[in-house]
A.B. asks: 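The structure under discussion is supplied below as structure tokens; questions concerning it will follow.
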Amino acid sequence: MNPKLVAVVARSRNNVIGLDNGLPWRLSSDLKRFKALTMGKPMIMGRRTFESIGRPLPGRASVVLTRDPGFTAEGAHVATSPAEALATARRLADLMGADEIIIAGGGEIFRAFLDLTDVIELTEVALDTPGDAHFPPLDMAHWREAARENGLRGPKDEVDFAYVTLKRRRD
Ligand SMILES: NC(=O)c1ccc[n+]([C@@H]2O[C@H](COP(=O)([O-])OP(=O)(O)OC[C@H]3O[C@@H](n4cnc5c(N)ncnc54)[C@H](OP(=O)(O)O)[C@@H]3O)[C@@H](O)[C@H]2O)c1
């Protein structure tokens, strides 16, 4: 099996994905979607994102990227280069029978894997907001919008949002 690389990200209008190692908005519906998209799959994430979540997420395998060879985290796999993270995630995908590897962020990790990413499951957050972590700029010559759905705002969603699937153009 050759699993696809799928980035799952919520991004503001001005490209912000994080502030002070957390999310700059409260969107409960999007967290549920994140869970549904990632369940049963290996996820590659940066050490900072892993620490902001605080634990390996149940039902998924976490591969944490760090340059610190001494880093350990109970219940998570550690890699010190993107190539090692990918090799570990591929092995885990095989073991889990998963056809996707999730690129879970944050900004540095989305950037490191962008050229290898096949699909971006994007949540467009209808905000302009300050932040210190950003999604890398996308050259839309390489991407096509394969699906778009307006988010249905629930009581625990503080802002409007839309779900967009971007697929890498292969032509
Ligand atoms: N909105 C969203 O969808 C979303 C998703 C995920 C995260 N976030 C947010 O994004 C923010 C975190 O993003 P971030 O860019 O600050 O950090 P990050 O990408 O989560 O993690 C960065 C860390 O990854 C490690 N790393 C990066 N490149 C590496 C490489 N080539 N080789 C080995 N290790 C490497 C380094 O760890 P060491 O320092 O340990 O060496 C680096 O400090 C938080 O605010 C988080 O809440 C948002």
Side-chain angles (χ1 to χ4, degrees), residues 5-39 41-58 60-90 92 100-138 143 148-149 151 153 156-166:
L5 263 59
V6 180
V8 182
V9 61
R11 186 189 73 175
S12 74
R13 285 187 190 123
N14 57 329
N15 247 9
V16 164
I17 65 163
L19 176 68
D20 295 337
N21 219 25
L23 297 175
W25 46 72
R26 186 161 166 265
L27 274 180
S28 171
S29 298
D30 189 51
L31 297 180
K32 288 197 191 106
R33 172 176 156 97
F34 179 82
K35 185 175 180 183
L37 287 171
T38 58
M39 198 45 80
K41 298 168 192 168
M43 302 192 300
I44 298 175
M45 67 182 74
R47 191 263 311 160
R48 288 209 284 269
T49 292
F50 179 74
E51 290 189 340
S52 82
I53 299 172
R55 70 200 156 97
L57 290 172
R60 287 144 283 188
S62 299
V63 181
V64 181
L65 248 172
T66 174
R67 293 188 177 87
D68 174 2
F71 182 83
T72 57
E74 209 185 316
H77 304 260
V78 177
T80 54
S81 70
E84 189 194 347
L86 202 51
T88 302
R90 287 208 168 109
L92 290 164
E100 293 178 350
I101 291 169
I102 304 298
I103 307 300
E108 291 189 18
I109 271 45
F110 288 131
R111 201 168 309 123
F113 285 94
L114 184 62
D115 286 348
L116 298 173
T117 299
D118 300 293
V119 177
I120 302 173
E121 293 290 1
L122 172 67
T123 301
E124 287 182 349
V125 181
L127 266 185
D128 283 286
T129 189
D132 52 20
H134 299 83
F135 198 75
L138 286 181
W143 297 92
R148 169 176 291 272
E149 184 192 338
R153 194 161 154 186
K156 293 184 191 158
D157 300 320
E158 64 181 16
V159 62
D160 286 335
F161 55 97
Y163 299 130
V164 179
T165 301
L166 299 176

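Indexing begins at 1, ligand by ligand and atom by atom, following the structure's order.
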A.B. asks: Check whether N14 reaches the backbone of T129 with its side chain - one donor and one acceptor, N or O, closer than 3.5 Å.
C.D. replies: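 Pair found, side chain donor or acceptor close to backbone of T129.
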
A.B. asks: Counting heavy atoms only, name the option from G22, A133, G46 that's nearest to atom 45 (O) of ligand 1.
C.D. replies: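 It is G22 that holds the nearest heavy atom.
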
A.B. asks: Among the heavy atoms of L19, does any lie under 4.0 Å from an atom of ligand 1?
C.D. replies: yes

A.B. asks: Indicate the atoms forming the closest heavy-atom contact of V64 with A76, along with that distance.
C.D. replies: CG2-CB, 4.0 Å

A.B. asks: To the nearest 0.1 Å, how far is atom 44 (C) of ligand 1 from its closest protein heavy atom, and which atom is that?
C.D. replies: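 That would be N21 OD1, 3.3 Å.
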
A.B. asks: Heavy atom to atom 24 (O) of ligand 1, shortest distance: which of L122, D68, L65 holds it?
C.D. replies: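 Result: the heavy atom closest to atom 24 (O) of ligand 1 is in L65.
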
A.B. asks: What protein heavy atom sits nearest atom 22 (C) of ligand 1, and how far away is it?
C.D. replies: E108 OE1, 3.6 Å

A.B. asks: Between K35 and R60, is there a side-chain heavy-atom distance shorter than 4.5 Å?
C.D. replies: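 Yes. Closest side-chain heavy atoms under 4.5 Å.
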
A.B. asks: Quick one: nearest non-hydrogen protein atom to atom 18 (P) of ligand 1, plus distance?
C.D. replies: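 Minimum-distance protein heavy atom for atom 18 (P) of ligand 1 reads G106 N, 3.6 Å.
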
A.B. asks: Give yes or no for whether the N/O distance cutoff of 3.5 Å, strictly under, is met between V9 and ligand 1.
C.D. replies: no

A.B. asks: Are the side chains of E121 and Y163 in contact, using a 4.5 Å heavy-atom criterion?
C.D. replies: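 Side-chain contact under 4.5 Å: no.
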
A.B. asks: Can you tell me which residue and heavy atom of the protein come closest to atom 8 (N) of ligand 1, and the distance to 0.1 Å?
C.D. replies: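 The protein heavy atom lying closest is I17 O, 3.9 Å.
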
A.B. asks: How far apart are the closest heavy atoms of L114 and P136, and which atoms are they?
C.D. replies: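 What the structure gives for the nearest pair is CD2-CG, 4.0 Å.
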
A.B. asks: Between L122, V125, T123, which is the residue that forms a side-chain contact (heavy atoms from CB on, under 4.5 Å) with V9?
C.D. replies: L122

A.B. asks: Can you find a side-chain donor-acceptor pair between T66 and D68 that sits under 3.5 Å?
C.D. replies: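 Side chains of T66 and D68: no pair found under 3.5 Å.
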
A.B. asks: Run down the list R47, E121, R48, R111 and name the one with the heavy atom closest to atom 17 (O) of ligand 1.
C.D. replies: R48

A.B. asks: Using heavy-atom distances, let me know which of H134, M45, R67, R11 sits nearest atom 36 (C) of ligand 1.
C.D. replies: R67

A.B. asks: Answer whether the closest heavy-atom distance between the side chains of K41 and V6 falls below 4.5 Å.
C.D. replies: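 They are not in side-chain contact.
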
A.B. asks: Side chains of I109 and T49: does their closest heavy-atom pair fall under 4.5 Å?
C.D. replies: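 Not in contact.
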
A.B. asks: Answer with side chain, backbone, both or neither: which part of T80 has a heavy atom less than 4.0 angstrom from an atom of ligand 1?
C.D. replies: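 Within the 4.0 Å criterion, T80 contacts ligand 1 through backbone atoms alone.
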
A.B. asks: I want to confirm something. Looking only at heavy atoms, which of A104, A83, A85 is nearest to atom 6 (C) of ligand 1?
C.D. replies: A104

A.B. asks: If I compare all heavy atoms of W143 with all of L138, which pair ends up nearest, and what's the gap?
C.D. replies: NE1-CD2, 3.9 Å

A.B. asks: Looking at atom 34 (N) of ligand 1, what's its closest protein heavy atom, distance included?
C.D. replies: T66 C, 3.3 Å

A.B. asks: Please report which non-hydrogen protein atom sits nearest to atom 20 (O) of ligand 1, along with the residue it belongs to and the distance in Å to one decimal place.
C.D. replies: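 Of every protein heavy atom, T49 OG1, 2.6 Å lies nearest to atom 20 (O) of ligand 1.
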
A.B. asks: Looking only at distances, please establish whether an N/O atom of ligand 1 is found under 3.5 Å from an N/O atom of A10.
C.D. replies: yes

A.B. asks: Which ligand 1 atoms, with their elements, are less than 4.0 angstrom from a heavy-atom of G107?
C.D. replies: 13 (O), 14 (P), 15 (O), 19 (O)

